[in-house]
Amino acid sequence: MQVEEFLTLVEIQLGRDHYLIDSNIIDKFIVPLPTVEVYDAPPYIDGMVEWKQEMIPAINVAPLLGMEKAAESNRRRTMIIPAGKVMETPMAVSVDEVSMIRKVEFREVMPVDISACHGIEDYVKGIIRVVEESGGGTEQMVLLYLNLEKMMRELLKGKVARPTPGFYVWRWDAAIGSQSG
């Protein structure tokens, strides 16, 4: 049995910052779909979108990281995460841009000083230094390698309910009590 020596990661952009996430939880990258509003939803729920004749939650990663939602852009992308990867239903996850797919060696993932990741320390797998060649020169960047799967599982403490056709409402999990978004 051969052990894979590389990670296949997706470089995403949120605001001006770039992050890396595992590619194995993502099925497709698509242009954003029209959303249907969800009443009383937390800031990270953009709404519901139709995907393969099913209404699925549309999640915006920026508020989960304590960032403001970015203005609409033609570079904005939605990542489709299939059922069973994070939740029992598929999800549409919105990011400002999908930059590229990177192959990274396991040894290139360095530990991170957790104090530098205030608020998201539980969702950072490490940092990865990448080198970009552009305009005849090189630029080094250090990117946070996020555990998007863990972030989604732990922070999505509720679900969307559909009491009547065309109307969606956010219901918090009983385990965390009644909260407002």
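Source: prediction; values computed, not measured.
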Minimal non-hydrogen separation, [X] against [Y], with atom names:
X      : Y      : answer
Pro63  : Pro43  : CG-O, 3.7 Å
Val109 : Tyr145 : CG1-CD2, 4.0 Å
Ile56  : Ala92  : CD1-N, 3.9 Å
Thr35  : Gly47  : CB-CA, 4.5 Å
Pro111 : Ile127 : O-CG1, 3.9 Å
Pro90  : Pro57  : O-CD, 3.6 Å

Working to the nearest 0.5 angstrom, can you tell me the gap between [X] [atom1] and [Y] [atom2]?
X      : Y      : atom1 : atom2 : value
Met48  : Glu37  : CE    : CD    : 13.0 Å
Met152 : Met87  : CE    : CE    : 10.0 Å
Leu144 : Tyr123 : CG    : OH    : 14.5 Å
Phe6   : Lys103 : CZ    : NZ    : 8.0 Å
Ile81  : Ile21  : CD1   : CD1   : 7.0 Å
Ile12  : Ser94  : CD1   : OG    : 10.0 Å

Query raised in the report: Yes or no on salt bridge (charged side-chain N to carboxylate O under 4.0 Å, His left out) for Arg107 and Glu105, after CA distance, side-chain angles and deciding distance?
Result: CA-CA 5 Å; Arg107 63 181 174 80; Glu105 292 183 38; 2.8 Å; yes

Residue pair [X] / [Y], side-chain heavy-atom distance below 4.5 Å:
X      : Y     : value
Ile101 : Thr8  : yes
Asn60  : Arg76 : yes
Val61  : Tyr19 : no
Leu20  : Leu7  : no

Report task. Give the intermediate values and the outcome of side chain to side chain contact (heavy atoms under 4.5 Å, CB included) for residues Val36 and Val49. Result -> CA-CA 6 Å; Val36 176; Val49 296; over 6 Å; no

Report task. Could I get the full list of side-chain contact (heavy atoms from CB on, under 4.5 Å) partners for Met141, not counting sequence neighbours? Result -> Glu11, Arg102, Val130, Glu132, Glu139, Leu143

Requested in this report: Kindly write out the residues that satisfy side-chain contact (heavy atoms from CB on, under 4.5 Å) with Ile30, not counting sequence neighbours, or none if the list is empty.
Outcome: Lys28, Leu33, Trp51, Thr78, Ile80

Listed by chain and number, what are the side chain to side chain donor-acceptor pair (under 3.5 Å) partners of [X], not counting sequence neighbours?
X      : answer
Arg16  : none
Ser99  : none
Glu108 : none
Asn147 : none

Query raised in the report: Below 4.0 angstrom, N of the basic side chain to O of the carboxylate: do Asp22 and Lys125 qualify?
Result: yes

Requested in this report: Using modelled atom types only, decide if a donor and an acceptor are shared between the side chain of Glu149 and the backbone of Met151 within a distance under 3.5 Å.
Outcome: no

Report task. Test side chain to side chain contact (heavy atoms under 4.5 Å, CB included) on Leu148 and Met79 and set out the steps. Result -> CA-CA 12 Å; Leu148 184 66; Met79 302 179 298; 4.1 Å; yes

Requested in this report: Answer with yes or no whether the hydrophobic clustering places Ile25 together with Phe29; edges join I, L, V, M, F, W, Y residues whose side-chain heavy atoms lie under 4.5 Å apart.
Outcome: yes

